[in-house]
Amino acid sequence: MADEETVTELTTDKAPVKARGLEGVIALESALSSIDGDKGRLIYRGYDINDLAEHTTYEEVVYLLRNGDLPTQDELDDFTAHLRSERALPSPVLDLLRNAPDDAHPMAVLRTAVSALGLYDDEADAMEERANHRKADRILAQIPTIIAAFDRLRKGKNPVEPLDRGSMAHNFLYMLNGEEPGEAAEKTFDVCLVLHADHGLNASTFTSRVIGSTLSDMYSAVSGAIGALKGRLHGGANQEVMRMLLEIDEIGADPAEYVQERLAEKERIMGFGHRVYNTMDPRAAILRGMVKELSEEAGEMKWYEYTASILNTMQEETGIAPNVDFFSGPTYYQLGLDPDLFTTIFALSRSAGWTAHLLEQWADNRLIRPRAQYVGARDRTVTPIEER
Ligand code: SDX
């Protein structure tokens with residue numbers, strides 16, 4: 001078997017694909033979601049994201065990704081009842097959140113707490129399919145509780161016990177704010193969860209599948225995925241978008257000039273560009289409408305106007321389209337969420353995709369192990385240390 005050193009000398013018809021950042025490389029087959037980067041289309045298990053956003057709830061999408069079909073009412077009732085029964089945290093994990101530094105980034109706390117969940121799950125290392133489904137349910141049900149509890153603790157408030165009723169969106173907003181959300185806020189938040197649930201082999205999903213492909217456990221794989229999502233080139237971009245909008249507002253800058261100045265400095269404008277989409281991310285189009293609606297309801301149009309100005313400027317100056325993060329930031333901000341929580345909301349939703357991908361990986365597993373082209377030194381001999 002050729003090792004890395006000889007990869008450059010393999011015959012051309014067997015030469016492996018070499019693509020920086022694995023751009024365009026097909027690493028595996030998946031039936032979960034597909035992105036058409038040229039048409040700006042996203043489907044989950046054959047359903048268009050616009051259809052799902054308008055006609056399903058997040059729990060229906062979780063069931064769809066996991067099982068391949070949308071649930072009947074009875075199947076949904078059973079599934080959501082089970083998820084609700086798993087919302088409470090093991091008390092040692094709640095203690096971990098109490099002891100976490102108040103100024104720790106919520107994504108670092110989430111990564112740590114999800115890893116800790118594995119210490120208190122008797123099935124953590126079980127690899128039977130049903131055990132992995134049960135673990136997926138626990139992880140999905142407990143991530144919202146972790147996020148809400150830490151946010152309240154860092155603000156000097158007591159965590160709020162999860163409800164034994166209501167949707168994941170309803171319960172999360174209730175645990176976060178200590179009061180039941182209105183229907184509009186719950187629906188808006190639920191659509192955001194639908195939009196972020198899965199997205200092909202993005203960096204955090206790929207991370208989860210690489211970890212899963214070694215036959216490591218679900219807690220290790222989801223903790224790793226959270227670590228990958230945290231980065232500003234991936235899920236961390238939504239917080240950066242809001243930081244940009246808040247800075248523009250604070251200094252009273254003209255959004256177009258602000259962006260032109262940063263482009264002139266060769267800076268990346270967060271929330272724009274994508275490895276796969278060559279046109280508008282369909283999720284961004286849906287979220288853009290939500291930013292407008294929330295702005296109109298609040299009677300405060302500035303965040304929507306800033307995004308419109310930046311969108312036009314980026315179109316004129318670069319032709320680069322916005323991605324999901326450009327509009328998820330102002331959406332969450334107008335729902336009253338703190339910007340440093342935005343990426344944890346992304347993780348809350350994407351835990352559906354990560355766990356569904358892990359189940360798919362384990363159904364037909366092969367170790368994921370790409371190659372590196374060796375470009376280092378060769379043919380060196382060791383000089384005795386006393387002569388070095
Ligand atoms: C997500 O993969 C997924 O599916 C991810 C995601 C999901 O649902 O899981 O969709 C969620 O992560 C969305 C992306 C969020 N990240 C950002 O918004 C960060 C800003 N965007 C980028 O840094 C960039 O667009 C990436 C990282 C998203 C994609 O980078 P690529 O594919 O490696 O492209 P590149 O860095 O090679 O850029 C190509 C050109 C470069 O110009 P040149 O240097 O060749 O002249 O486009 C330019 C870049 O400078 N460019 C940008 C830009 N993004 C690309 N220029 C300014 N601002 C930007 N945002």
Side-chain angles (χ1 to χ4, degrees), residues 19-27 30 32-38 40-44 49 52-53 61 65 107 192-209 222 224-245 255-256 258-287 307 310-311 313-332 339 342-354 356-357:
R20 195 152 172 263
L22 297 184
E23 180 162 10
V25 172
I26 306 291
S30 174
L32 293 174
S33 61
S34 176
I35 304 163
D36 183 326
D38 296 326
R41 281 201 70 210
L42 168 62
I43 60 173
Y44 296 166
I49 194 65
L52 292 168
V61 162
L65 288 169
M107 278 295 278
C192 291
L193 298 184
V194 168
L195 294 177
H196 286 82
D198 199 46
H199 207 244
L201 212 51
N202 59 85
S204 54
T205 297
F206 184 62
T207 301
S208 71
R209 289 192 76 140
V222 173
I226 294 169
L229 187 73
K230 182 171 179 283
R232 63 200 296 266
L233 294 188
H234 190 12
N238 55 21
Q239 176 182 348
E240 293 294 317
V241 168
M242 202 62 223
R243 190 194 53 71
M244 169 176 68
L245 297 177
Y258 180 96
V259 165
Q260 284 159 349
E261 285 162 12
R262 271 142 195 83
L263 288 174
E265 296 294 319
K266 294 289 181 203
E267 284 182 32
R268 295 291 173 98
I269 307 301
M270 294 291 113
F272 281 85
H274 199 275
R275 176 60 62 80
V276 179
Y277 288 119
N278 301 313
T279 183
M280 168 86 88
D281 179 333
R283 303 166 298 174
I286 297 170
L287 284 162
T307 58
I310 292 168
L311 192 61
T313 307
M314 284 297 283
Q315 185 58 37
E316 287 160 13
E317 304 282 339
T318 69
I320 298 173
N323 58 54
V324 65
D325 292 296
F326 185 59
F327 293 105
S328 65
T331 300
Y332 295 147
F342 291 0
T343 311
T344 62
I345 307 305
F346 197 147
L348 188 164
S349 169
R350 189 55 58 86
S351 61
W354 295 330
H357 274 273

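Only heavy atoms go into these numbers, but all of them, side chains included; no hydrogens, no water, no symmetry mates. Fair warning: this is a prediction, and the values are worked out from it, not measured in the lab. First listed ligand is number 1; within each ligand, the first listed atom is number 1.
Sorted by first and then second residue, the pairs that involve residues 258-272 and meet side chain to side chain donor-acceptor pair (under 3.5 Å), not counting sequence neighbours, are E247-Y258, Y258-R262, Q260-E317.
Within the 4.0 Å cut-off (strictly below), no protein heavy atom is located near atom 43 (P) of ligand 1. Remark: atom 26 (C) of ligand 1 lies closer than 4.0 Å to no protein heavy atom.
No side-chain donor from either of T279 and D38 sits under 3.5 Å from a side-chain acceptor of the other.
Taken to the nearest 0.5 Å, the CD1 atom of I269 stands 12.5 Å off from the CG atom of L311.
Comparing M270, M314, R268 against atom 22 (C) of ligand 1, the shortest heavy-atom distance belongs to R268.
Residue contacts with ligand 1 include R350, since one or more of its heavy atoms lies under 4.0 Å from the ligand. For H196, the closest heavy-atom approach to ligand 1 does not fall below 4.0 Å. Residue I269 places a heavy atom under 4.0 Å from ligand 1.
Counting only heavy atoms from C-beta outward, the side chains of P322 and F327 approach each other to under 4.5 Å.
Residue G271 has at least one heavy-atom neighbour below 4.0 Å for each of these atoms of ligand 1: 17 (C), 18 (O). Proximity to N202 (heavy-atom distance under 4.0 Å) selects the following atoms of ligand 1: 2 (O), 3 (C), 4 (O), 5 (C), 9 (O). Residue contact check: A237 has heavy atoms under 4.0 Å from atoms 15 (C), 16 (N), 17 (C), 18 (O) of ligand 1.
At a 4.0 Å heavy-atom cut-off, ligand 1 touches I320 through the side chain alone. When non-hydrogen atoms are compared, ligand 1 lies under 4.0 Å from the backbone of L233 as well as from its side chain. Neither the backbone nor the side chain of K266 has any atom closer than 4.0 Å to an atom of ligand 1 (non-hydrogen atoms only).
Checked against a 6.0 Å centroid threshold, the rings of Y277 and H199 count as neighbours.
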